[in-house]
Amino acid sequence: MLIMTKQTRSLFQDHPFHLVSPSPWPLNFCIAIFSLTSSAALAMHGFEYGYITVYLAVFGVVTSMLFWFRDIVSEGTFLGDHTTLVQVGLNMGVILFIASEALLFLAIFWAFFHSALTPVVELGSQWPPLGIEPVNPFELPLLNTVILLSSGATITYSHHSLIEGNRGGAIIGAVLTVILAIIFTGFQGVEYNVSSFTISDGVFGSCFYFATGFHGAHVIVGTIFLVIALWRIYDYHLTDTHHLGFEAGILYWHFVDVVWLFLYISVYYWGS
């Protein structure tokens, strides 16, 4: 009996579509992300050893992502599965994913404005509520805004450098973007540490940390995407005509930039 490998099957394929092989990583990732959310909720409510399960779940999420990315890189770079038609479908998938993320942040902003525009008597009929000292928008948040917008410029420079065949410029732009992203995340942590209120301080604290925390999580995910893209540029995986994963990461990063602008204007500036 002739046992055909995936590479052999592709030679006899008479259509441009990608028939994905069975993979354990989507299921593993779903289990890991469910474990992360549930264990984080338990840890926040003071369950014993709750944060140990959080760390294990984070390890599971990162491991599943890395192995899943490895398979996708092999399919797109070495096996030739990402044909022109497949790339169109993948681009559409990225756009729909970002649209779903936009609706998630729309719900967060809705909760914020619902309380901010009509503060109830329990909040002192004012916003910010009585006893809350909001973060000064012209200090660390303004610096973080400059940093994040600068990272959008550097990743755009990296993208255009790659298109023009300037591999060195693409690497430099991606490295600068990753550095700025790490600095942004670090300053966000500093802001949380020096803030005068916590997530348990009423609806203001809940909305503030929910909005900025979810955005920070997206920054971390986007940073991982860009680090992988940087490695692929360095390893000659991406070319001036075939860099779909890099473009997806750039589109996601610009989405993160736009969301932060809305956050800064509404939550930090207007909300304070």
Candidate list Val258, Leu251, Val259, test side-chain contact (heavy atoms from CB on, under 4.5 Å), partner Phe255, passing option: Val259

Distance (rounded to the nearest 0.5 Å) between Thr223 OG1 and Ile182 CD1: 7.0 Å

For Ile199, all residues meeting side-chain contact (heavy atoms from CB on, under 4.5 Å), sequence neighbours excluded: Tyr209

Spacing of Phe69 atom CZ and Ser64 atom OG [to the nearest 0.5 Å]: 11.0 Å

Distance, nearest 0.5 Å, that separates OG1 of Thr145 from CH2 of Trp260: 5.5 Å

Exam field: side chain Ser196 to backbone Glu133, donor-acceptor pair closer than 3.5 Å: yes

Distance in Å, Phe109 CZ paired with Ser266 OG, rounded so as to fall on 0.5 Å steps: 4.5 Å

Check: Ser38 side chain, Ser35 main-chain N or O, donor-acceptor pair, under 3.5 Å: yes

Below 3.5 Å, can you tabulate the donor-acceptor pairs from side chains in residues 229-236 to any protein atom, sequence neighbours excluded?
from	atom 1	to	atom 2	distance (Å)
Arg232	NH2	Thr77	OG1	2.6
Asp235	OD2	His237	NE2	3.2
Tyr236	OH	Arg167	NH1	3.3

Heavy-atom side-chain contact between Val190 and Leu140 under 4.5 Å: yes

side-chain hydrogen bond (donor to acceptor under 3.5 Å, both in side chains) assessment of Thr177 paired with Ser151: CA-CA 5 Å; Thr177 304; Ser151 72; over 6 Å; no

Under the side-chain contact (heavy atoms from CB on, under 4.5 Å) test, residues paired with Ile179 that sit two or more places apart: Val175, Ile183

Donor-acceptor contact present, side-chain Asp71 to main-chain Trp68, <3.5 Å: no

Glu164 versus His160, side-chain donor and acceptor atoms under 3.5 Å: no

Euclidean distance, Leu96 CG relative to Asn91 CG, rounded to 0.5 Å: 11.0 Å

Those residues that, when tested against Phe59, pass side-chain contact (heavy atoms from CB on, under 4.5 Å) (two or more places apart): Thr63

Side-chain cluster (under 4.5 Å, hydrophobic types only) that Leu261 belongs to, other residues: Leu149

Whether Phe246 and His243 hold their rings parallel, tilted or perpendicular, with breakpoints at 30° and 60°: perpendicular

Short side-chain to backbone donor-acceptor contact, Ser158 and Gly173, under 3.5 Å: no

Tyr264 side chain to Pro137 backbone, donor-acceptor under 3.5 Å: yes

Whether Thr53 side chain and Gly50 backbone form a donor-acceptor pair below 3.5 Å: yes

Side-chain donor or acceptor of His114 paired with backbone N/O of Trp110 under 3.5 Å: no

Over 12 non-hydrogen atoms of neighbours within 6.0 angstrom of CZ in Phe67: no

side-chain contact (heavy atoms from CB on, under 4.5 Å) involving Val135 - partner list, sequence neighbours excluded: Pro141, Glu191, Ser195, Phe197, Phe208, Tyr268

Under 3.5 Å donor-acceptor, His215 side chain and Val256 backbone: yes

Minimum heavy-atom distance Pro119-Trp127, with the two atoms named: CG-N, 4.3 Å

Distance, nearest 0.5 Å, that separates CD of Glu247 from CD of Gln87: 8.5 Å

